Student: 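Take a look at the following structure, please.
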Amino acid sequence: MDRDQTGDLLARIELFRDLTPEELSRLGALFEPRQLARGAHLFEEGEPRRALHVIESGEVELFRCLPGGAERRLAWFGPRDFLGEGGLLEDYPHSASARAVLDCRIHRLGRDTFVALMEAEPQLAAKVVSRVARVISRRMRGASARVANPGAQYLSGRTRTEHDLLGDREVPDEFYYGIQTLRAVENFPISGVVLAHHPALVESLAMVKAACARANAELGHLPQPIADAIGQACHEIIEGKLHGHFVVDLVQGGAGTSTNMNANEVIANRALEHLGHAKGEYRHCHPNNHVNLSQSTNDAYPTALRVGLIRANAGICAVLRDLVAAFNAKAAEFTDVLKMGRTQLQDAVPMTLGQEFEAYAVTLGEEIERLEQNAALFLEVNLGGTAIGTGLNADPAFGARAVAHLGDITGLPVRLAPHLIESTMDTGAFIMYSSALKRLAVKLSKICNDLRLLSSGPRTGLGEINLPPMQPGSSIMPGKVNPVIPEVVNQVAFKVIGNDLTVTMAAEAGQLELNVMEPIIVQSLLESIDMLENGMETLRVRCVTGITANVERCREHVQRSIGVVTALNPVLGYDTSTELAQEALVTGRGVYELVLEKKLLSREELDRLLSPEAMVRPRKL
C-alpha cells in the first residue's frame with residue numbers, strides 16, 4: 001500500500017476526519033505497515049505506549065491477565081478501528097494487552113515519528129493532537145468513571161445517530177450497542193459491575209436469542225437470511241467476542257429490560273454487518289422487531305439468567321472440588337499426627353490432625369451435591385410466555401420450539417415450565433440456590449475460624465499448625481504475621497450471607513404477575529459465586545496446600561491434657577476417672593503418672609488404652 005492508499009485508509013478513520021487529502025497523504029507516508037500473525041501481540045500490559053495502531057484487515061482482541069493465569073477479554077477491534085492514540089502524546093503504560101485473533105495488517109505511527117512531525121509540520125500535528133483530545137474527551141463524557149472498563153480508553157470517537165421514544169442520540173460508532181443501552185448506562189451507574197464482567201451471563205443471553213431466531217425462522221415469522229445473521233452474531237458472542245459491548249450495570253430498574261435491550265442491540269448491529277449493512281440501519285435487522293421477536297424481557301431475561309447460573313455453577317463446583325482435594329491431601333499427610341480434639345473450646349478427646357482435615361474435606365464435598373441439586377431447578381424456563389406468561393404476540397408453537405433449540409445450543413436438558421404465568425412470577429429457584437451458596441459460605445467460614453485458632457500463637461496460642469506466611473502483619477509490631485487468607489475468606493462468607501438476605505427480600509418484593517427485582521437477585525447470586533470462587537481458590541493455593549503440622553506441639557497437648565482420662569472410663573469407671581481428672585487439674589500432674597502411682601493399671605495396660613490407635617477410633621470394650 002503506497003502513501004496515497006494509506007491516506008485513503010486514514011480518510012475513513014474518525015481520528016483524521018479534519019485532514020485534507022494532501023495532509024492525509026503526507027501523514028500516510030509516516031505510517032509503517034506491519035503484518036501481525038494470529039496469536040502475536042500488538043502490545044502487552046505494562047509496556048510503555050509507543051504508537052498509534054490502525055487496523056487495515058484482521059481482528060485484534062484486547063484482554064487483561066487475571067491472577068492465576070486466566071484472561072479477561074475487554075474488547076475486539078476490526079478493520080478501520082484504531083487503538084493506542086494516547087501513545088502519540090505520552091508513554092504511560094498500557095493497562096491491557098492486544099493480540100491478533102486473525103492474521104492482521106496493521107499500520108503503525110510511532111511516537112518518535114509523531115514527535116518529529118510536530119517539529120517539521122506543527123500545523124498538521126496540531127490537527128491530529130486536537131482530534132485525539134476530542135476523542136478522549138468524548139470517551140470520558142460518554143462513560144462514568146465507575147463503570148468504564150480498561151478497554152474504554154482504546155475506543156475512538158466515531159458516532160452514528162439513533163432514535164427512540166425519547167428522541168435522537170449520538171452513539172459511538174465502534175459500539176455495537178445502541179441508544180437504549182446508552183440511556184441505561186447513563187441511568188444506572190450503580191454498582192460499577194457491568195454485564196461483561198460475567199461472561200456466562202452474556203453468552204447465555206446470546207444462546208437464548210439464537211434459539212428464538214431459529215424457532216421464529218422455522219415458524220415462518222423471521223426471514224431466513226436475517227435469522228442466519230442473528231445466529232452468526234450470537235455464535236460470535238458465545239465464542240467470547242463482543243463481550244465488551246455489554247455495558248449495562250447489573251443493578252438496574254426496569255426488571256431487566258436494559259439487559260435485554262443491550263443484547264438485542266449488540267446482536268442486531270453485528271447481524272447488520274453480516275448482512276452487508278452498517279450499524280444502526282435497523283430497517284434491515286431491528287433489535288425489537290427481529291432479535292426480540294416473539295419475546296418479552298419477562299421471559300427472555302429470566303431464561304438467560306437461569307442458563308447463566310447453571311453455567312456459573314459448573315465453575316464454582318470445579319473450584320470447590322479442587323479445594324476438597326487439597327484438604328484430602330492434607331488429611332493423608334497428617335494421618336499420624338496425634339492431637340487433642342476440642343469441644344466448646346475445651347479439651348475433649350484425642351484425634352489425629354488427619355481426621356480433622358478429612359472432616360473439612362467431607363463437609364465441603366457435601367456442598368457440591370447441594371449446589372448441583374439446586375442449580376437443576378434452573379432447568380425449568382418460561383420462554384414463550386412473553387409479558388406475563390399468557391404468550392401474547394408469540395406463536396402457540398414458539399415456546400416449545402425455542403426451548404428445544406435452547407437445549408441443543410446449551411447442551412442442557414432445559415424444559416418448558418408447565419404453567420407459564422406461575423413461572424413468570426416465581427423466583428423460588430433463586431431463593432433455593434442462594435441458600436445453597438450461603439450454606440457453603442457458612443461452612444467455609446467455620447473452617448477458616450478453625451485454621452486461625454489452630455495456628456494461633458505462634459508461642460502463646462494453640463500453635464498446632466503453621467499457615468504459610470503471606471505478608472507482614474503489622475505496621476508497628478515487628479515479626480508479626482497474620483492469618484490473612486482465612487480472614488479474607490471469613491469476610492467473603494459474610495458478604496455471601498448478606499447477599500442471601502438481599503435475594504430473600506427481593507424475591508418477597510414481587511407483585512402480581514412479575515418480580516421486577518430480578519436484577520438485584522442475579523447481581524447478588526453472581527457476586528456470591530464470583531467471591532466464593534475467588535475465595536476458595538485463594539484459600540487452596542495460598543493457604544491449605546502450604547499448611548504444615550507442629551507434630552511435637554500437638555503431642556505435647558495430648559500428653560498434658562486431662563482429656564485422655566475419657567479413654568479410661570470403660571475400665572476405671574466414670575467416678576474414678578473424674579477423681580483422677582480433678583487431681584490432675586489441681587496438682588498439675590499428668591493422668592498417666594497418677595494412674596501408675598495409684599496402681600490402678602499396669603504400665604502395659606495403660607499404654608494399650610492410651611495408645612493413639614486406641615483413642616482415635618472405635619474399639620471393642
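Because the structure is a prediction, the values reported are computed rather than measured. Numbering of residues begins at 1 and proceeds along the displayed sequence.
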Student: Can you tell whether the side chains of Glu366 and Arg370 come within less than 4.0 Å, N to carboxylate O?
Tutor: no

Student: For the residue pair His94 and Pro48, what are the closest heavy atoms and their distance?
Tutor: CD2-O, 4.0 Å

Student: Ignoring hydrogens and angles, write down the donor-acceptor pairs under 3.5 Å from the side chains of residues 467-477, residues two or more places apart or on other chains.
Tutor:
residue: Ser474; atom: OG; partner: Ile476; partner atom: N; Å: 3.0
residue: Ser474; atom: OG; partner: Met477; partner atom: N; Å: 2.8

Student: Look at Lys241 together with Glu61 and state whether they make a salt bridge at an N to O cut-off of under 4.0 Å.
Tutor: no

Student: Holding to side-chain contact (heavy atoms from CB on, under 4.5 Å), I want the full list of residues that pass it with Arg459, two or more places apart in sequence or in another chain.
Tutor: none

Student: Pick one: which of Arg452, Arg555, Lys339 meets salt bridge (Lys or Arg N to Asp or Glu O under 4.0 Å) with Glu464?
Tutor: Lys339

Student: Check this for me, if you would: do Glu380 and Arg306 make a salt bridge, where the nitrogen-to-carboxylate-oxygen distance has to be below 4.0 angstrom?
Tutor: no

Student: What residues form a side-chain contact (heavy atoms from CB on, under 4.5 Å) with Glu422, not counting sequence neighbours?
Tutor: His419, Asp426

Student: Quick one: do Arg542 and Glu487 make a salt bridge, cutoff under 4.0 Å?
Tutor: no

Student: Residues in side-chain contact (heavy atoms from CB on, under 4.5 Å) with Val414, at least two apart?
Tutor: Leu379, Val403, Leu406, Leu412

Student: May I ask you to check if Arg49 and Phe43 form a cation-pi contact, with NZ or CZ under 6.0 angstrom from the six-membered ring centre and within 45° of the axis?
Tutor: no

Student: Holding to side-chain contact (heavy atoms from CB on, under 4.5 Å), I want the full list of residues that pass it with Ser524, two or more places apart in sequence or in another chain.
Tutor: Asn499, Thr502, Val503, Ile520

Student: Sort out for me which residue in Leu572, Thr578, Leu580, Thr576 forms a side-chain contact (heavy atoms from CB on, under 4.5 Å) with Val565.
Tutor: Leu580

Student: Using the ring-ring contact (aromatic ring centres under 6.0 Å, His included) rule, collect all pairs that involve residues 431-489, keeping only residues at least two apart or in two chains.
Tutor: Phe378-Tyr433

